[in-house]
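Reviewing the structure listed below.
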Amino acid sequence: MKIMDGKLVSQAVKDDLRKKVQELEASGMKKPHLAAILVGNNGASETYVASKVKSCGEVGFTSTLIRMDAAVSQQDLLKEITTLNDNDDVDGILVQLPLPKHISEQVVIDTISADKDVDGFHPESVGRMVQGLPAFYPATPYGILLMIEHYGIETKGKHAVVIGRSNIVGRPISILLNRNDYPGNCTVTVCHSHTHNLKDICLQADIIVAALGRPEFLKADMVKEGAVVIDVGITRVEDPSKKSGFAIKGDVDFASVAEKCSYITPVPGGVGPMTIAALLMNTYKACLLRNKK
Ligand code: GUN
C-alpha cells in the first residue's frame, strides 16, 4: 500500500508555479491575481480562505481578500463581484461557499465572469468540462486528477466508483474520470443516497472516490484487494483529546481500508492540500488566457 501524499504533491505543484510566475515577471507580464470574497465568519470557511490567500503569497501571486458581513445584501455582494469582473488586474474570483441563506449561491456563481471562474462552478465552465473542452475544473476534482497523474496511476479501462453526486466533487470527478484523456477513460458508476447494493458496487471498483461527507463510512469489507481509494471527506468530529476540541475525519475507515489498497489518500494531508494547488493552477491559467487576448 502506498500513501498518496497531498502535502508533498501540492508542494511540488506550488514549486513549479513559483518558477512559472518568476518567468512571467521576467518576460514583463503581470503576476496572477486572485480575489477571494468571504461572507460572514464560518470557522471552516475562515480556515480555507486564509489557506488560499497564504498559498497565493507562497507562489508569488497577488491576492485580495474581501470580507463582507454575514448580513450583507445579495445586491451588495453582486455589486462587489461586478467590480472585480471589471477590474482588469484581477484574474481569478472566488466566493467562498456556503453563503448565508438569504443569498442565492447560484445567482452569485452565475455573476462571476466565466473567464475569471477559477472555482469552475459557473455553468459555462461546467458545460465546457462536460463537452471535453479546455475549462476551469473545480478545485477538488482537479486536485484528484493532479494526484493520480503524479503517482502515474493507470486509469484507462478501470471501473471507478464515485460515492456522492455534489456539484463540487462527486458529479465533476465522475465526468473527468470518464473523459477521453489521462487521467480518465474509466467506466464510472456514481452512487448516492438512493443507491441499492452500494457494498456490492464498491467491491467491483478499481478506484473508489468517497465524497459523501460521512465520517469513516467506507469500511474494509467494501473494498477490493488492490483498489485505489481517494478520500474526499473532511468532517469535524468532537474529540476532547485534541487541543482544538475536534478531529478531522475522512469518509474512509483508514486503519482497516489502507491494508487492502494499492494507493490511498490520508485525511488530513491527502486531497485537502491538492484543492489549493488546483485553485492556484486555475488562477495561473486564467492569467495566461486573459493576457493573451
Ligand atoms: N466551499 C467548499 N469548497 C469550496 C470551493 O472549492 N470553492 C469555494 N468557493 N467554496 C467552497
Side-chain angles (χ1 to χ4, degrees), residues 1-27 29 31-34 36 47-63 91-92 94 118-120 129 134-156 158 160 168-169 172-173 176-177 179 181-186 207 209-211 228-234 248 250 252 254 258 261-289:
M1 178 275 296
K2 199 163 165 45
I3 300 268
M4 299 168 84
D5 185 341
K7 276 194 208 160
L8 187 139
V9 184
S10 71
Q11 193 56 53
V13 172
K14 286 199 266 185
D15 290 346
D16 188 42
L17 276 175
R18 196 170 45 227
K19 282 193 204 120
K20 289 192 163 121
V21 172
Q22 282 163 357
E23 283 162 21
L24 280 187
E25 282 191 289
S27 69
M29 269 174 77
K31 294 197 270 188
H33 181 174
L34 175 70
T47 310
Y48 295 143
V49 170
S51 182
K52 291 171 184 179
V53 168
K54 180 167 165 259
S55 299
C56 281
E58 285 167 10
V59 296
F61 289 6
T62 310
S63 66
D91 300 298
L94 79 82
V118 288
D119 258 331
M129 176 183 69
F136 297 117
Y137 300 154
T140 305
Y142 186 20
I144 294 171
L145 295 190
L146 291 171
M147 191 136 68
I148 290 174
E149 203 174 2
H150 178 92
Y151 286 96
I153 294 169
E154 178 63 273
T155 55
K156 190 163 57 178
K158 304 287 183 190
I168 293 183
V169 188
I173 193 65
L176 291 167
L177 287 175
R179 70 191 176 145
D181 204 340
Y182 176 76
N185 280 312
C186 293
I207 300 169
V209 180
V228 174
V229 173
I230 293 166
D231 188 351
V232 183
I234 33 158
I248 303 290
V252 177
F254 185 89
C261 298
S262 54
Y263 288 91
I264 187 166
T265 63
V267 175
V271 172
M274 291 308 301
T275 64
I276 304 229
L279 172 71
L280 297 174
M281 286 282 286
N282 278 343
T283 306
Y284 174 74
K285 285 182 192 173
C287 177
L288 287 191
L289 286 168

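When a residue number appears, it is its place in the shown sequence, counting from 1.
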May I ask you to decide if [Y]'s main-chain N or O and [X]'s side chain share a donor-acceptor pair within less than 3.5 Å?
X	Y	value
T155	G184	yes
N185	K156	no
T283	L279	yes

Considering all heavy atoms, the nearest [X]-[Y] contact:
X	Y	answer
P141	L176	CB-CD1, 3.8 Å
I234	Y48	CD1-OH, 2.7 Å
V209	V232	CG1-CG2, 3.8 Å
T265	G270	CB-CA, 4.2 Å
G6	M274	O-SD, 3.7 Å
A135	M129	CB-N, 3.8 Å

Determine whether V252 and V267 satisfy the following criterion, side-chain contact (heavy atoms from CB on, under 4.5 Å), listing intermediate values before the conclusion.
CA-CA 9 Å; V252 177; V267 175; over 6 Å; no

Would you mind reporting whether [Y] and [X] have side-chain heavy atoms less than 4.5 Å apart?
X	Y	result
Y151	D5	yes
M29	L288	yes
E149	Y182	yes
P138	V169	no
P183	L145	yes
I264	D231	no

Which distance, rounded to the nearest 0.5 Å, do you find between the [atom1] of [X] and the [atom2] of [Y]?
X	Y	atom1	atom2	result
L280	S55	CG	OG	5.5 Å
F61	L34	CZ	CG	8.0 Å
I148	I173	CD1	CD1	6.0 Å
M1	S262	CE	OG	10.5 Å
K54	I276	NZ	CD1	9.0 Å
M147	I153	CE	CD1	8.5 Å

Give me each pair satisfying side chain to side chain donor-acceptor pair (under 3.5 Å) with a member in residues 135-144, each pair once, sequence neighbours excluded.
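Every pair satisfying side chain to side chain donor-acceptor pair (under 3.5 Å) with a residue in residues 135-144: Y137-R179, Y142-K285.
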
Suppose the criterion is side chain to side chain donor-acceptor pair (under 3.5 Å): which pairs have a residue in residues 9-19, not counting sequence neighbours?
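Listed by first then second residue: Q11-D15, K14-E58, D15-R18, D16-K20.
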
Residue list, salt bridge (charged side-chain N to carboxylate O under 4.0 Å, His left out) with D91, at least two apart or on another chain
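Counting only residues at least two positions away or on another chain, D91 forms a salt bridge (charged side-chain N to carboxylate O under 4.0 Å, His left out) with K30, R290.
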
Worked verdict on L24 versus K31 for side-chain contact (heavy atoms from CB on, under 4.5 Å)
CA-CA 7 Å; L24 280 187; K31 294 197 270 188; over 6 Å; no

